[in-house]
Number of protein chains: 2
Amino acid sequence: MTTRTGPGPRERLLEAARELTYRHGVGVGVDALLREANVARRSLYEHFGGKDGLIAEVLRRTTAEDEDDYLRTMRAAGEDPRARLLAVFDRLAEIVGGPGFRGCRYLAADLALADPGHPAHAVTRDYRERVRRLFEDELVRLGHRSPGRAADQLLLLVDGVLAAGATRPGTNPAISARELAEHILDA
Amino acid sequence: MTTRTGPGPRERLLEAARELTYRHGVGVGVDALLREANVARRSLYEHFGGKDGLIAEVLRRTTAEDEDDYLRTMRAAGEDPRARLLAVFDRLAEIVGGPGFRGCRYLAADLALADPGHPAHAVTRDYRERVRRLFEDELVRLGHRSPGRAADQLLLLVDGVLAAGATRPGTNPAISARELAEHILDA
DNA sequence: TGACGAGTAGAACAACCGGTCGATATAAAT
DNA sequence: ATTTATATCGACCGGTTGTTCTACTCGTCA
């Protein structure tokens, strides 16, 4: 008979950090994280080497999930590249309009961590590059005349939606962005 | 003979805070601010009531300056509302491409200060509203069919440029944004 | 002269920062 | 049965957080 173990300290720590760093920013104290996760201080340093390592690992996980979210959204939109790209902005409208939305985690992390050598920056940079590639691939399939430039513009709109969604609650920037996205796709 | 006084503690403190909160974020310590400004601890609390008051006052000042910058940029672009609005994006290209650019101060402050009651939020909210109105007035003068909606879209582009400029250095998002802005104006 | 206001220097505060470490408990592997 | 790995508690480190307070030095004006 196997004992009912449940998620270990490592998982609990990641989950707590995912939650608290989003609510309070990456400036949350280690004590608060340990308290929330109900995990001994030492476990943090054994598993992640320190607070920075934990933060970077949390971002690594959420970027993977968010990338999956993009992929699923696009897959659900069918085969047409145009419809697939526009679906991204419909999905953004849901996210930004959702009750728990508090801004883009990656943007907040990049702005909060002044040290350019912090491991979190590498994670967010890779993520943005992957999303850009995702857009570019669709634009190529669409037969767009300059897929690279258009991908940059779409990424700009995504950044704008996430920024405006956080700083001007109430407005729904994703709707505005979708219109502009249509123009990009038709150019 | 008048003694050479120079800027008082209040001014020195504001200047130091303007600089340090931009370089290191609003999380800078009070000690660092006092050291940089060469000001006694007590003066901070007499003049601003505390760190939060100082931060809010710094933002109040920079928003006024930045609004002036918008106004001067537009005035220099002549009378045509279309040219005036597009000039904003040329100016953004300069700012984002400049050597000292480290992201948008207001966006960083909003994302870093989790407490919605922090006085800084009111300052940034007012600033965004003033900029939005600036855009809307020009759009009305331009005879745009839906100035409110278009102003929101321009603001979205500005947010996007400032966000992307910070998170994806090297790319020049203002150029991408200018193209989209043209489309908004011609709609 | 004396009072007042503004400034400085710096001690003290309680709370918290990220990080290290010894002691111990548990359970699987040998 | 013994070893090994993992996980836990919790004390402890030096340093810093934002804030309050006392004591002192100026210059100004009455």
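When reading the values below, keep in mind they use all heavy atoms of this one structure, side chains included, and skip hydrogens, waters and symmetry mates. Not measured: the values here are computed from a predicted model. So you know, we letter chains A, B, ... as the sequences are listed, proteins then strands, and number each from 1.
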Q.
Using a strict heavy-atom distance below 4.0 Å, which residues from residues 39-46 of chain B are in contact with DNA chain C?
A. B/Ala40, B/Arg41, B/Arg42, B/Ser43
Q: Would you indicate, yes or no, if C/dG7 has its OP1 or OP2 atom less than 4.0 angstrom from a side-chain nitrogen or oxygen of B/His47?
A: yes
Q.
Distance check needed: C/dC17 C1' versus A/Asp52 CG, whole Å only.
A. 13 Å
(Q) Parallel, tilted or perpendicular, judged at 30° and 60°: which one describes the rings of A/His183 and B/His183? (A) parallel
Q.
Is it the case that atom CZ in B/Arg133 sees more than 12 heavy atoms from other parts of the structure closer than 6.0 Å?
A. no
Q: Check the angle between the aromatic planes of A/Tyr70 and A/Tyr127 and answer parallel, tilted or perpendicular using the 30° and 60° thresholds.
A: tilted
Q | Under 3.5 Å side-chain donor-acceptor pair for B/Tyr22 and B/Thr62 | A | no
(Q) So, applying side chain to side chain contact (heavy atoms under 4.5 Å, CB included) with A/Arg60, which one of A/Thr124, A/Val123, A/Ile55 is it? (A) A/Val123
Q | Worked verdict on A/Arg41 versus A/Asp31 for side chain to side chain contact (heavy atoms under 4.5 Å, CB included) | A | CA-CA 8 Å; A/Arg41 203 170 194 76; A/Asp31 288 6; 2.8 Å; yes
(Q) To the nearest 0.5 Å, what is the distance between CG on A/Leu92 and CZ on A/Phe101? (A) 8.5 Å
Q) Between C/dA9 atom C1' and B/Asn38 atom CG, what is the distance in whole Å? A) 11 Å
Q: For DNA chain C, determine which residues of residues 12-36 of chain B have any heavy atom closer than 4.0 angstrom to one of its atoms, and list them numerically.
A: B/Arg12
(Q) Could you measure the distance from the OG atom of B/Ser176 to the CZ atom of A/Arg149? Nearest 0.5 Å is fine. (A) 6.0 Å
